[in-house]
Amino acid sequence: MWEKVFAVARRRGFIWPAFEIYGGMRGFYDYGPLGAALKRNIIDTWRRYYVFQEGMAEIDSPNLSPEDVFRASGHLDKFEDLVTVCERCGSSFRADHLVSIENADSLSADELWQEMKKEGVKCPECGGPLSKPEPFNLMFRTKIGPKGKRERTGYLRPETAQAMFMDFPSLYRYFREKLPFGAVQIGKGFRNEISPRQGLLRLREFNMAEAEVFFDPENKRWPGFERYRDAEVLLLPNTGGEFRMSLGEAVEKSIIKNEALAYFVGLTRSFLLEIGIDEKRLRFREHLMEEMAHYADDCWDAEVLLSYGWTEIVGIADRTDYDLRRHMQFSGESLKARRTFKEAVEMEVEEIVPDFKKLGPLFKGDAKRVAEELKEMDASSVSGDIRVDIDGKEYIVPEDAYTIRKAKKKVSGEDFVPHVIEPSYGIDRILYAVLEHSYMKDGDYRILKLRPSVAPVKVGVFPLMPKDGLDEMAMDIHRRLSAAGIRSVYDDSGSIGRRYARMDEIGTPYCITVDYDSLKDGTVTLRQRDSKEQERVAIDGIEGVVSTLIKENTIN
RNA sequence: GCGGGUGUAGUGUAGCUGGUUAUCACUGGAGCUUGCCAAGCUUCUAACCCGGGUUCAAAUCCCGGCACCCGCACCA
């Protein structure tokens, strides 16, 4: 099936292997003219949901990021492992998991290799010999700036999400300090996959659309949940079982943990149906605990049934406050929001008051940061000498270097780190799924039943015969449609049937044919791809007729 | 990365026990024709994945690389 869909997609200009004249490169594809148009239409539809309907803010940030970002995000640790491969059975393992000493993950490749040899580590699968561990990083590394002092290590981003986290303070101000709000980004991600496969499903450079929705963790109810409360979806929770039920019911029965997650399941379903995913081949599956990403607390994937089997195309993850906290920790900046109490409350507060006369001589230049850490701590939980950790360094603050002060204070609110729900869409996979779900074959006749809103070409215009003025008339209609912003194609080659077939194969929903009656009465036939039915419509105002048809077939 | 399979015009293929100008069909272009669903006729364009070896001679045999497919491993 993949080969058949790919053959059509390639022949007609949807997808081409990239760098083909140099032999190609695994994991890289070009979108041809129709593919690029289809991709743009899918993205425009996505934008209609997230930016227009939900009012989220779209940003656009660099693909290349300095190393610090991924140290904070966890991708460096998570993505860079020392891997050893069994030379007999081909199994690969994280080398630091095979040796018996503690903190083996901090060893260098050479040290680890020495340790492996010392312990005589063999392949846990088959007992075969293992190779020297080599670092494997799923991120593309490069250098930013000229060689020398100013040179910095950079990486191509493996996801677009980090920008929304780093821009949180500006976004928070942009939304005039009110939660919840969302920020989105549509762009490229890069992962140096060991073994990219299956065409568009595992790329090394891929398109993604991600939304980061920031909200107050004390309130996971979702305003506007009504919109999708009654939507029926097939759910596979990680506690087992398969349920077809409404999202309202799923939340009531705690199959989906909160309204916010359920809302984006509903929105995702609606978006996918609109671009032409087959509802019967769509389900939502909750991640098992062990497959959860390092940042995620809960995750529901939209999966579609392809010829490869069930395939993830969207992930809706509860990233909690993981990312914002990490960036706070690594950057030292505050990424908090403020929750205002309904009424200001008078509170008895306990504060740690550092004594700089003592701290100064003890910690010298670090004293200020130690003091700041102390102020952050909960005064009621400390006593005696206090241990403070800053960036892995340990400071012991003696009992006499601080006092605890009790005071009454009017408190009108408090700062907190927002939680994040992240709907993340793999555009390339979605595009392929749309192609496969739209692909119909009747004998040798192939039709791509693309929905009008995403079809690269909306209408084909033909003269029944390329003569007697029919061709000029058809060309004129084509020009008028194009001028009205409707993507139209003129074709007068071959028989009329062949031209319909060409349009069917690239998913064009409508065809207009100028015939001899058109010369007399100013009407043309309008043919619908899926029903093959024709009706006569007036040439005058044809732009409106076509654009109305496209709109009527759009859900949102 | 490991194991297995495959690689011939845009697509699908024949040739592959080495030997003329590499077969056929579809698609595509041009022309004729054609009064609504890949009609017909004429004609044209267009390929041996790349590199090396064996040989008088390689699409064909051998080696290496690359790409694709399947399985394993990997997969925020």
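Small disclaimer: the values here were computed from a predicted structure and weren't measured.
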- [ ] Let me have a per-nucleotide readout for nucleotides 42-50 of chain B, 5' to 3', with B, S or -, counting only protein heavy atoms under 4.0 Å.
- [x] ---------
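Panel note: side chain R326(A), backbone A72(A); a donor-acceptor pair is recorded below 3.5 Å.
Between the P atoms of U20(B) and U34(B), the separation comes to 45 Å (whole Å). Spacing of C1' atoms, C68(B) relative to U8(B), comes out at 15 Å, to the nearest Å. Nucleotides C74(B) and U55(B), compared at atom P, are 47 Å apart to the nearest Å. Spacing of P atoms, G18(B) relative to C26(B), comes out at 33 Å, to the nearest Å. Atom P of G7(B) sits at a distance of 13 Å from the matching atom of C62(B), rounded to the whole Å. If you take atom C1' in C69(B) and the same atom in G35(B), they sit 47 Å apart, rounded to whole Å. Between A58(B) and C2(B), the distance separating the two P atoms is 32 Å to the nearest Å. Rounded to a whole angstrom, the distance from the C1' atom of U6(B) to that of C16(B) is 14 Å.
By the side chain to side chain donor-acceptor pair (under 3.5 Å) test, S547(A) is found to be paired with no residue, residues two or more places apart in sequence or in another chain being considered. Under the ring pair (Phe, Tyr, Trp, His ring centres under 6.0 Å) criterion, Y445(A) pairs with no residue, sequence neighbours left out. Remark: P452(A) pairs with P509(A), Y510(A), I550(A), N553(A) by the side chain to side chain contact (heavy atoms under 4.5 Å, CB included) rule, at least two apart or across chains. By the salt bridge (charged side-chain N to carboxylate O under 4.0 Å, His left out) test, R499(A) pairs with no residue at all, sequence neighbours left out. For K257(A), the salt bridge (charged side-chain N to carboxylate O under 4.0 Å, His left out) criterion is met by E286(A), D298(A), not counting sequence neighbours. Here E333(A) pairs with nothing under the salt bridge (charged side-chain N to carboxylate O under 4.0 Å, His left out) rule; sequence neighbours left out.
When each of V8(A), L38(A), L34(A) is checked for a side chain to side chain contact (heavy atoms under 4.5 Å, CB included) with I506(A), only L34(A) meets the rule.
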What pairs of nitrogen or oxygen atoms, one from the protein and one from nucleotides 32-35 of chain B, lie under 3.5 Å apart?
none

Could I get a table of every N or O pair under 3.5 Å where one atom is in the protein and the other is in nucleotides 25-30 of chain B?
| unit_1 | atom_1 | unit_2 | atom_2 | d |
| --- | --- | --- | --- | --- |
| U27(B) | OP1 | R498(A) | NH2 | 3.1 |
| G28(B) | OP1 | R502(A) | NH1 | 2.3 |
| G28(B) | OP2 | R498(A) | NH1 | 2.8 |

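Checking G497(A) against G24(A), the closest nucleotide of RNA chain B that is more toward the 5' end is the one next to G497(A). Residue order along RNA chain B, read from the 5' end via each residue's closest nucleotide, puts M25(A) first among M25(A) and E210(A).
Ion pairing of E58(A) with R47(A) is present here, as a side-chain N (NZ or NE/NH1/NH2) and a carboxylate O approach within less than 4.0 Å.
Legend: salt bridge (Lys or Arg N to Asp or Glu O under 4.0 Å) pairs involving residues 198-208 of chain A, not counting sequence neighbours, sorted by first then second residue: K188(A)-E205(A), E193(A)-R202(A). Listed by first and then second residue, the side-chain hydrogen bond (donor to acceptor under 3.5 Å, both in side chains) pairs that reach into residues 457-466 of chain A come to none, sequence neighbours excluded.
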Please tabulate, for side-chain N and O atoms in residues 467-474 of chain A, each donor-acceptor pair with protein atoms closer than 3.5 Å (sequence neighbours left out).
| unit_1 | atom_1 | unit_2 | atom_2 | d |
| --- | --- | --- | --- | --- |
| D468(A) | OD2 | Y516(A) | OH | 2.5 |

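Among the protein residues, R10(A) comes within range of the sugar-phosphate backbone only, with heavy atoms under 4.0 Å from sugar or phosphate atoms but none that close to a base. Y445(A) comes within 4.0 angstrom of a nucleotide base, judged by non-hydrogen atoms across all strands. Counting non-hydrogen atoms under 4.0 angstrom, E20(A) reaches nothing in the nucleic acid.
Residue E505(A) places a side-chain atom within donor-acceptor reach of the base of A38(B), judged by atom type and a 3.5 Å distance cut-off alone.
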